Asker: 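Quick one: structure below, then a few questions.
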Amino acid sequence: MESYLAELNDAQRAPVLQKDGAMIVIAGAGSGKTRVLTYRIAYLMSKGVDPFNILSLTFTNKAAKEMKKRISQIVGSSEAKNLWMGTFHSIFAKMLRFEADKLGYPSNFTIYDTQDSQRLISAIIKEMGLDKDIYKYKQVYSRISSYKNSLITVKAYFQNPELKEADAMSKKPRLGDIYKNYVDRCFKAGAMDFDDLLLKTNELLNRFPEVLQKYQNRFRYILVDEYQDTNHSQYLIVKALSDKFQNICVVGDDAQSIYAFRGANINNILNFQKDYDNVQLYRLEQNYRSTKNIVNAANSIIEKNKTKLEKVVWTANEDGPKIIVNRLLTDGEEGRFVASSIFENKMQNQLDNGSFAILYRTNAQSRAMEDALRKREIPYRIYGGLSFYQRKEIKDVLSYLRLLINPNDEAALKRVINYPARGIGQTTIDKLTIAANTYGKSIFEVIENLDHIDLKVNSGTRNKLTNFVNMIKSFSILNENADAFTVADTVAKKTGLVQDLKKDGTPEGVAKIENIEELLNGIRDFVEGQKELADATGSLAEFLEDVALATDMDKETGDDHVALMTIHLAKGLEFPYVYIVGMEEDLFPSGMSMNTRSELEEERRLFYVALTRAEKQAYLTYTQSRYRWGKLVDAEPSRFIDEIEGKFLDYMIPQDDYKYKPLIDTDIFGDVDKSKLRQTKPTAGSPPPAHKPSEEQLRKLRKLRPALDHTGQASIKDVVKLEEGNEVEHIRFGKGKVLKIDGIGQDKKAEINFENGGIKKLLLRFAKLKLLS
DNA sequence: TAGATCTGTGTTTTT
DNA sequence: CACAGATCTA
């Protein structure tokens, strides 16, 4: 039974074997913390702890699922099934459904996603007649979110003059009022936003001692993964639940705290030892994941941070190749480099696509990578970004489904009351909203009671409203007798959603119909799957609950693909080959996070996370110019590259001239063979070449570059304007005539018939051409 | 009222 | 560029 203990090293075994009490495990990157958590749970169960009494909180659903799987392998699946394991949000949503009535919520409350919340806030700002340029809904939303995460309720807000003053100072004196209206509206709609799931859990545990006791007794052993990323609200929940038995084990790494922007408080982990009696501290410092080069390079970065717990991450793994750094002209070329590098590595080392990950700071960067991978026919998958359930057509269907479960759901109703178009316009909706606010009812209820409410709408509109409500009601009735799939299928057809898309006929419309079909299939699968679980019914409400908190990461595809994701999403994952792209100032570190030391340190931790995902080889790339908000802008290499000790890096480009070189100077190489400028061509497996090139090497490299004189040289603008039929002159091929223009922007090519060279295809960006006519 | 078209505005990261 | 909101037209 306990043979698995032999699979742990001494440092890992110690926290596994401490059955009771409070403990903190500071686990360096790749040091096997998941292993410690799973084995600890298995050990507790082997010592007779009932799985019903174990609560394990993870950061993602995926992590929970994986841990459960691993535990099943050790203790058997029937036992593992009873563990409470999941994210804070999903576990406590479940608990809140059970206890909802105590807080005045229906048990079928809706969970608002960010978009729902933001739209509602936007509507409230408009209703209140406030200036939308001062009260920007996104800002207001994040302000409210941070209040909630700090447990500042509306009441607490108005009792705290400092907060009011702070908001008044930032020209938003009515923020408290918006907050109040927003909370009221959510309550009336029977809806909780993401932050409410934590805030209301706190409220529940605070206001109802008997509920607190019930769950304290239930969760005798609590484990929290990624503790460094907990916010105040989560911290208090954990504190309250563990207070009685104090059997709490938190695992984390302060060096990997990357969620301060959503309220994560690094002090939760730094101060843990003060929060409980006799806290045992364990450190996992041996990294099993990465090569020495990667581990040491990562250490050399994180050293630059001032706020940190002391720990030394080390590895017994081989040195491995150095980190390859490359500079590219544009984001398009960056993509092409990454794609061909992946292609070469795959061929040379017989690797599958799953060995590679491309990590970036912002979702928008995925585009260039996608394009390049697609051209190379390398299968890939984008994680995160817009999740399937957030797509317009999917959210439309889901909104109908939400509405038939909870007709008070304002966000859902507003979304679909006139989609597909049924003649209920903005004016009518405004009237409904006013009526709803004055009578303290939901919009749906207002329509239900049109006989008693003078809405000042004509009879046609009145009919349309009644028809809509009746349609939703008929769906509700159907839902009582039919399974979730049948209901969803009926909704998709009867509402005219699918018809509307069919009518549209564009490829996008077709894709949307396919997505809806996929959703319906998903619901069918869900219904089938739930039937096998004892405590589930496969109801529509269950499906919606599942979907509200599902993320893109959770979906398994089973095919072999290169993974593309933000660095945030990559936390906890590992890949043999990792490409970190967009290593540029203003992008990484983000321009929004360079103002304070702590923000910059978080960016640095993010870089640390990125690098430590790599097992064998890491690549860093940056560009000289990249498309941002639709325009090509100059970029500058990230300071983080310089922060890595040079001996861990292998530059593919000379390092003398990269700062602030505008495109036009560096790119017009004429017919100089660009590859000569590259010092080495990287091939994984071959011994890594020297570090930064020496001064002497640099001088040599510079000589390769011809002195460009700009006189007589066509400016890039002229060349880009080139049209078919133009006469041009090339420095070597002589005069010629433009036959054809291909491609756009940076990739624009011209087919030219030269007197001395015949027909050539030239990339205009590089071609040294003079426009003659 | 619907739908097309224009304008403006902002963009980090996520449960 | 991408999306939200405003404005215009039928």
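These numbers come from a predicted model, not from an experiment. In the text below, chain A, chain B and the rest are named by the order of the sequence lines, each starting its count at 1.
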Asker: Testing A:Y259, A:Y227, A:F88 for ring-ring contact (aromatic ring centres under 6.0 Å, His included) with A:F59, which one passes?
Answerer: A:Y259
Asker: Near DNA chain B, counting only heavy atoms under 4.0 Å, which residues of residues 232-241 of chain A show up?
Answerer: none
Asker: Give one of base, sugar-phosphate or nothing for A:L197, where a contact means two heavy atoms less than 4.0 Å apart.
Answerer: nothing
Asker: Hey, does A:S366 have a side-chain heavy atom less than 4.5 Å from the side chain of A:Y360?
Answerer: yes
Asker: I want to check something: taking the side chain as every heavy atom from C-beta on, are A:S590 and A:R361 in contact at a cut-off of under 4.5 Å?
Answerer: yes
Asker: With A:R374 as the cation and A:Y380 as the aromatic partner, state whether NZ or CZ is under 6.0 Å from the six-membered ring centre and within 45° of the axis.
Answerer: no
Asker: One character per nucleotide, please: for nucleotides 2-9 of chain C, 5' to 3', B when the base has a protein heavy atom closer than 4.0 Å, S when only the sugar-phosphate does, - otherwise.
Answerer: S-SSS---
Asker: Parallel, tilted or perpendicular for A:F219 and A:W84, by the 30°/60° rule?
Answerer: perpendicular
Asker: Testing the 3.5 Å rule here: is there a donor-acceptor pair between the side chains of A:N149 and A:N231?
Answerer: yes
Asker: Find out whether A:N595 and A:L600 are in side-chain contact, i.e. whether some heavy atom of one side chain is under 4.5 Å from a heavy atom of the other.
Answerer: no
Asker: Do the side chains of A:T330 and A:R626 get nearer than 4.5 Å, heavy atoms only?
Answerer: no
Asker: For nucleotides 8-15 of chain B, just jot down a letter per nucleotide in 5' to 3' order: B, S or -, based on protein non-hydrogen atoms under 4.0 Å.
Answerer: --SBBBBB
Asker: Tell me whether A:E602 contacts the main-chain N or O of A:A260 through its side chain, where contact means a donor paired with an acceptor under 3.5 Å.
Answerer: yes
Asker: Indicate yes or no: does A:K94 engage A:E545 in a salt bridge with an N to O separation below 4.0 Å.
Answerer: no
